[in-house]
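To find a chain, count down the sequence lines: A is the first, B the second, and so on, and within it residues start at 1.
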Number of protein chains: 2
Amino acid sequence: MSKAAEILQDYGLRITPQRELIFRLLMGSKEHPTAEKIYQEVSEVFPSLSRNTVYKTLEALEAKGLVKRFNTGESADHYDANTAPHGHITCLKCRRVDDINGALSSIMDELDQKAESSSGYQVLSADLYFYGICPDCR
Amino acid sequence: MSKAAEILQDYGLRITPQRELIFRLLMGSKEHPTAEKIYQEVSEVFPSLSRNTVYKTLEALEAKGLVKRFNTGESADHYDANTAPHGHITCLKCRRVDDINGALSSIMDELDQKAESSSGYQVLSADLYFYGICPDCR
DNA sequence: TTGAATGCAAAATATTTGCATCTTC
DNA sequence: GAAGATGCAAATATTTTGCATTCAA
């Protein structure tokens, strides 16, 4: 059984070929694909795949916390199977989205605390989005 | 001439009653309304207002940097006339969105630098979104 | 008076829903 | 066998586009 399938099982999700491939693709990608991108890739393997299944699958994965959905200012949402807290950076020219892992973790706590004390909210999570120009576009 | 109208003029935007009211409403609001919310409020004053005008107006304001558009995970985008860098915090229960002003500014630079050196991007801006439970919902 | 703003209708995009069929457990 | 997943079609929600009319400068 694939790693993806194991995780699905651990989280009480049924293993179907479509679902496993969608999740596997997300786990193995650093590209934060949109639902449409996933649909296009997976439907090459399962030509009968419907977008509905992609959305339902992503919804199920999101509900279990296995993927995270986010938006960088474009129309379509992006999905990410990297569930460790991390930031994202979007290139304003080519629109690619990269992860910022680790580098920020030391400041995150401080950030959360300041947000909490200044807002009066109980802070549960934070999303950090950076915008700029990627190395390739410069 | 209203403050809002003055700013519109300064930025080379024509002053129309609809546009002025939309911008005035955004400047005077701490509620980060959606396009639909703005449409509903402004169409009470101008019953013939079309959504198109709201979107076009927001687009013009955004292009001049007078308002900022963002998304907190819901379907509709929010608009904010507070253009100074600041964070947002969304209540996961009631979905209200508050500003986090000032409190974070001291860390922002450090954050940008870490993002820049870890990603190789040239960082131009950052958006910080916090999620939690607001004082009223606790 | 001229270029931009408005309003209406229709289109485009992304996502969700209803439901019948099929599959996993 | 039952609960859940899939796929198709249609619906919804948000935003954009085309175009004729009106208005601000």
Side-chain angles (χ1 to χ4, degrees), chain A residues 1-2 4-24 32-40 42-64 66-79 95, chain B residues 1-2 4-24 32-40 42-64 66-79 95:
Chain A
M1 183 152 61
S2 76
E6 273 178 33
I7 298 175
L8 291 175
Q9 198 172 52
D10 287 351
Y11 279 79
L13 293 173
R14 287 197 179 171
I15 302 165
T16 68
Q18 295 90 334
R19 180 173 286 179
E20 188 193 338
L21 182 51
I22 290 171
F23 187 38
R24 190 130 52 100
H32 315 85
T34 60
E36 181 62 23
K37 189 84 195 309
I38 293 167
Y39 169 74
Q40 277 165 20
V42 176
S43 59
E44 285 183 15
V45 180
F46 301 105
S48 72
L49 180 76
S50 80
R51 285 184 179 75
N52 189 338
T53 298
V54 175
Y55 281 106
K56 281 277 179 66
T57 300
L58 291 170
E59 186 187 353
L61 293 171
E62 193 186 4
K64 295 290 184 181
L66 292 172
V67 307
K68 203 169 172 327
R69 187 217 298 236
F70 65 96
N71 183 290
T72 61
E74 297 188 287
S75 44
D77 290 348
H78 294 256
Y79 292 86
R95 281 286 157 189
Chain B
M1 186 151 60
S2 76
E6 272 178 33
I7 298 174
L8 291 176
Q9 198 173 53
D10 286 352
Y11 280 78
L13 293 172
R14 288 197 177 170
I15 302 166
T16 68
Q18 294 91 334
R19 180 173 285 180
E20 188 194 338
L21 182 50
I22 289 171
F23 187 37
R24 189 128 54 98
H32 315 85
T34 60
E36 182 61 24
K37 188 83 195 307
I38 293 167
Y39 170 73
Q40 277 164 20
V42 177
S43 60
E44 285 184 15
V45 179
F46 301 105
S48 73
L49 180 77
S50 80
R51 284 184 179 76
N52 188 335
T53 298
V54 175
Y55 282 106
K56 281 278 180 66
T57 300
L58 291 170
E59 185 187 354
L61 293 172
E62 193 186 4
K64 295 291 184 181
L66 292 172
V67 308
K68 201 167 175 327
R69 189 217 295 237
F70 65 95
N71 183 289
T72 61
E74 297 188 287
S75 45
D77 290 349
H78 294 257
Y79 291 87
R95 281 286 157 189

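Note: OH (A/Tyr11) to C1' (D/dG4) measures 20 Å, nearest angstrom. Summarising the geometry, the separation between CD on A/Glu74 and P on C/dA14 is reported as 10 Å, rounded to the nearest angstrom. Atom pair A/Leu58:CG and D/dT6:P shows a separation of 11 Å (rounding to whole Å applied). The interatomic distance linking A/Phe23 (CZ) with D/dA5 (P) rounds to 15 Å, in whole Å. The distance between atom CZ of A/Phe46 and atom P of D/dT6, rounded to the nearest whole Å, is 10 Å. Across the protein-nucleic acid pair, A/Leu49 atom CG and D/dA5 atom C1' stand 12 Å apart, rounded to whole Å. Distance, A/Tyr39 OH to C/dT13 P: 15 Å, rounded to whole Å.
Nearest to the side chain of B/Ala76, among D/dG7, C/dT24, D/dT14, sits D/dT14. In this structure, the nucleotide among D/dT14, D/dT6, C/dT24 sitting nearest to the side chain of B/Ser75 is D/dT14. Here the nucleotide nearest the side chain of A/Thr53, chosen from C/dT24, D/dT6, D/dT15, is D/dT6. Side-chain atoms of B/Gln18 lie closest to C/dT6 of the nucleotides C/dT15, C/dT24, C/dT6.
Among the heavy atoms of the strands lying under 4.0 Å from A/Thr57 are primed sugar atoms or P, OP1, OP2 only; no base atom is included. Looking at heavy-atom distances under 4.0 Å, A/Pro47 makes no contact with the nucleic acid at all.
The two residues A/Thr34 and A/Ala76 have their closest heavy-atom pair at CG2-CB, 4.0 Å. Residues A/Phe46 and A/Leu21 approach most closely at CE1-CD2, 3.7 Å, considering heavy atoms.
Put simply, the side chain of A/Arg51 reaches to within 4.5 Å of the side chain of A/Glu36, judged on heavy atoms. Residues A/Thr57 and A/Thr16 form no side-chain contact, since every pair of their non-hydrogen atoms from C-beta on lies 4.5 Å or further apart. Proximity of A/Asp77 to A/Leu58: side-chain heavy atoms (C-beta onward) are nowhere separated by under 4.5 Å. You'll find the side chain of A/Ile7 reaches within 4.5 Å of the side chain of A/Leu66, heavy atoms only.
Positionally, the nearest nucleotide of DNA chain D for B/Ala35 lies more toward the 5' end than for the other of B/Pro17 and B/Ala35. Of the residues near DNA chain D, B/Thr16 and A/Gly12, the one whose nearest nucleotide (by heavy atom distance) lies more toward the 5' end is A/Gly12. In terms of position on DNA chain C, the residue among A/Gln9 and B/Ser50 whose nearest nucleotide sits closer to the 5' end is B/Ser50.
The base of C/dA5 is not paired with the side chain of B/Arg19 by any donor and acceptor separated by under 3.5 Å.
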Mark up nucleotides 16-21 of chain D, 5' to 3', with B wherever a protein heavy atom is under 4.0 angstrom from a base atom, S wherever such an atom reaches only the sugar-phosphate, and - elsewhere.
BBB---

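Distance NE2/B/His32 to OG1/B/Thr72: 10.0 Å, rounded to 0.5 Å.
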